[in-house]
Amino acid sequence: MTKIRKITETIWGVIMILFSIAMVLFSEYAYPFIMAALTLGFIFYGFKSLIYYFTMARFMVGGKVSLYRAVILLDFGFLTFSLNDIPKIYILLYLVAINAFAGLVELLRASESRKQGSSWKLKFSHALINIFLALACIIFIRKVNTAIYIYCFGIFYLGIIRIVTAFRKTTFIYIQ
Amino acid sequence: MQEDFHYYATYCAAYLAGYSHDECLDICYSAQFVDCCSRTFLTKIKAPLKAATTQLQLEMMDARTDIVGLQDITRIWASFHFLPGNLYAFKKGRNKRYMNKYRLICEPDSNLVERTVELARGKSLQHIGISMHVMADTWAHRHFAGTPSLVINNTDDYFYELDPNNGDAEIKIAFRHNPTAPDDLDKHLYTNSLYQSNENSVMNLGHGRAGHLPDYSFIKYKYLPAWGEYEEVIKDNPSDYTKAFCQMIYALKYLRGVNDTFEVKRYDEEAIKPWEDKIDAILRKRQLIASEDWKAFGEELSGCSIKDFNMNEYNDEYMSAAAGDKDATVLGKFIKGAIEQKGMVTNQIFKSGNILAGFSKEMFLGGGAK
């Protein structure tokens with residue numbers, strides 16, 4: 001990673017840690033914050049992918065993947081935005097689904113990396129954590145605040161991982 | 001291309017063009033040194049960093065991918081390893097951002113190849129060696145660009161080797177991302193760079209997504225380049241490498257003063273006629289690197305021993321020279337040639353209205369861009 005990227009990742013990691021602590025301290029406001037952060041994130045990356053597709057990737061072999069990614073991200077973004085005014089239990093289920101999906105994707109990526117002979121353990125541990133969080137949220141779904149704490153733990157963990165990854169030496173395959 | 005062609009084959013081409021054994025060694029040393037002259041090396045010998053002709057893995061890891069970083073990367077790779085084929089190419093319906101990258105696709109027999117050879121005329125043997133590296137790479141690295149770009153340099157899993165012993169029967173090529181395992185030629189298993197969806201990731205520089213396939217002289221294969229609109233491209237390395245070799249002989253004769261002109265799409269096939277079968281056998285032999293075979297051929301041609309390449313051979317000469325005498329050393333002449341080559345290519349890219357290689361100093365001298 002470049003120095004700037006390390007600093008950026010570290011800052012994001014710190015923000016995530018602070019965000020999780022803030023949500024624990026102000027748990028009554030947790031849901032709107034989570035939904036707002038998710039909405040903004042999905043819509044921003046969705047539009048970014050869409051612009052990339054129309055300006056560059058549509059001329060590329062296999063470029064439609066960018067379009068699919070953009071559409072999925074935007075859909076998630078608008079859906080998340082629309083969930084602000086419904087009972088919390090449904091929001092929690094939605095968060096569970098996102099975590100479970102992310103966990104499944106990480107699991108598939110870890111499996112593919114393992115087949116390719118690349119490092120896969122970190123991806124696998126991410127997958128396990130995501131799936132564990134999703135399951136824990138379901139188990140404690142009736143205890144709304146407990147579920148928030150579990151979710152905050154997840155974000156805290158991801159923040160730590162982001163900081164650790166920033167300073168980790170990575171194998172770099174580069175064909176010269 | 002690898003050391004087998006840049007060092008030993010260039011020696012052979014120079015000898016066939018009429019250079020003496022010692023001149024051949026100077027030329028081929030510089031041709032191979034283009035793959036070694038990184039900023040790390042230049043820092044070690046306290047030489048100008050702007051003469052860098054390559055970037056090491058560690059340097060790439062720390063490379064910025066904002067516009068300034070991209071320009072720095074492109075200046076090096078487009079100038080020495082992926083000379084652009086057509087800086088004024090046109091493709092309907094594409095925007096400027098796409099076309100800036102498309103126009104950097106490397107192809108042989110371009111106007112820039114002519115300029116590269118012309119620039120080396122009357123210059124040092126080291127500069128001639130640089131021009132031979134650049135020329136040879138246009139054949140091996142064709143269809144890829146010397147700038148990070150997913151939409152230009154990406155490939156997918158549609159990769160097939162064509163077996164010439166079996167009527168070009170297709171054999172599926174598999175890629176993996178294992179940096180420690182060598183390519184397995186028997187199982188058609190090769191290492192390539194990881195897919196990165198970020199347009200400007202360094203993983204999308206040059207032919208990384210095709211692994212080392214462009215650098216193996218024996219292989220003929222087909223694939224779908226990202227820019228190719230789903231049209232198959234067949235890369236016939238034995239044929240391309242033969243043309244590269246013949247073109248080097250033709251260019252070297254021009255640089256030696258034997259011929260009055262140099263034109264692209266001309267190859268001195270007559271010069272290799274007595275050894276055509278031997279050269280063809282070397283190129284088609286299925287091996288990771290053909291250094292021993294080319295070395296044996298070169299020694300047979302000249303009757304002299306070709307010393308192994310040592311990138312640190314001339315460090316002491318350069319470092320111990322006085323400031324005013326450095327330009328007269330081997331590395332000093334190489335550095336001068338490298339700066340001139342980089343300046344020429346950067347200027348041409350800039351003049352075409354493409355800022356991916358950065359600003360040309362001629363802009364400030366009144367040259368301007370189109």
Side-chain angles (χ1 to χ4, degrees), chain A residues 1-10 44-73 105-106 108-123 165-176, chain B residues 35 54-58 60-66 69 81 91 93-98 101-102 149-152 154-156 158 174-181 190-194 197-199 202-203 205-215 223-231:
Chain A
M1 269 191 209
T2 63
K3 289 193 179 86
I4 291 177
R5 179 89 192 269
K6 281 181 185 172
I7 293 169
T8 313
E9 288 292 301
T10 306
F44 174 74
Y45 282 108
F47 272 118
K48 197 175 167 201
S49 290
L50 204 62
I51 290 167
Y52 178 67
Y53 172 75
F54 281 108
T55 55
M56 300 287 273
R58 68 185 169 114
F59 309 119
M60 180 180 103
V61 168
K64 281 217 167 69
V65 167
S66 291
L67 179 63
Y68 302 150
R69 182 168 51 240
V71 168
I72 288 169
L73 286 169
V105 168
E106 277 299 294
L108 291 170
R109 279 193 187 145
S111 170
E112 193 193 347
S113 290
R114 190 158 172 255
K115 275 182 207 161
Q116 298 281 356
S118 271
S119 61
W120 58 274
K121 287 178 183 161
L122 194 62
K123 285 191 179 72
T165 308
F167 294 98
R168 184 174 165 248
K169 281 184 185 173
T170 48
T171 309
F172 188 88
I173 300 162
Y174 176 69
I175 309 292
Q176 190 169 9
Chain B
D35 277 341
T54 191
Q55 288 177 295
L56 299 177
Q57 196 161 321
L58 289 174
M60 295 305 300
M61 281 175 75
D62 283 340
R64 294 160 58 177
T65 51
D66 55 11
H81 308 278
K91 263 195 111 77
R94 268 55 163 179
N95 57 52
K96 186 82 167 74
R97 186 185 171 201
Y98 181 89
K101 302 221 171 173
Y102 183 84
S149 174
L150 176 72
V151 297
I152 299 296
N154 190 41
T155 63
D156 57 13
Y158 187 90
F175 285 109
R176 62 184 169 191
H177 312 301
N178 190 340
T180 55
Y190 301 90
T191 296
N192 72 345
S193 58
L194 279 167
S197 59
N198 184 346
E199 166 66 15
V202 294
M203 292 290 185
L205 172 65
H207 63 78
R209 293 287 292 145
H212 285 291
L213 292 185
D215 294 330
Y223 71 108
L224 295 176
W227 51 265
E229 296 172 357
Y230 292 92
E231 278 188 28

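Quick note on labels: first sequence line is chain A, next is B, and so on, each numbered from 1. None of these values were measured; they are calculated from a predicted model.
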Check salt bridge (charged side-chain N to carboxylate O under 4.0 Å, His left out) between B/Lys91 and all other residues, then give those that pass, not counting sequence neighbours.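 Counting only residues at least two positions away or on another chain, B/Lys91 forms a salt bridge (charged side-chain N to carboxylate O under 4.0 Å, His left out) with B/Glu229.
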Which residues share a side chain to side chain donor-acceptor pair (under 3.5 Å) with A/Arg69, sequence neighbours left out: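 Applying side chain to side chain donor-acceptor pair (under 3.5 Å) to A/Arg69 gives none.
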Would you mind telling me which of B/His81, B/Lys101, B/Arg97 has the largest number of heavy-atom pairs within less than 4.5 Å of chain A?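 Of the candidates given, the most pairs with chain A belong to B/Arg97.
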If every non-hydrogen atom of A/Leu67 is compared with every non-hydrogen atom of A/Leu50, which pair is closest and at what distance?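 It is CD1-CD1, 3.9 Å.
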Contact class of B/Ile152 relative to chain A, heavy atoms under 4.5 angstrom: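 Neither part, no heavy atoms under 4.5 Å.
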Non-neighbouring partners of A/Tyr68 that pass ring pair (Phe, Tyr, Trp, His ring centres under 6.0 Å), sequence neighbours left out: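 For A/Tyr68 there are no ring pair (Phe, Tyr, Trp, His ring centres under 6.0 Å) partners, ignoring immediate neighbours.
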Close side-chain approach of B/Phe175 to B/Thr191, heavy-atom, < 4.5 Å: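 They are not in side-chain contact.
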Using modelled atom types and a 3.5 Å cut-off, is there a donor and acceptor pairing between side-chain atoms of B/Asn192 and backbone atoms of B/Arg209?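 It does hold such a pair.
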Please verify the inter-ring angle class for B/Tyr102 with B/Trp227; under 30° counts as parallel, over 60° as perpendicular, anything in between as tilted.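 B/Tyr102 and B/Trp227: perpendicular rings.
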Proximity of residues 59-66 of chain A to chain B, residues having a non-hydrogen atom under 4.5 angstrom: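 Those residues of residues 59-66 of chain A which have a heavy atom under 4.5 Å from chain B are A/Phe59, A/Met60, A/Val61, A/Gly62.
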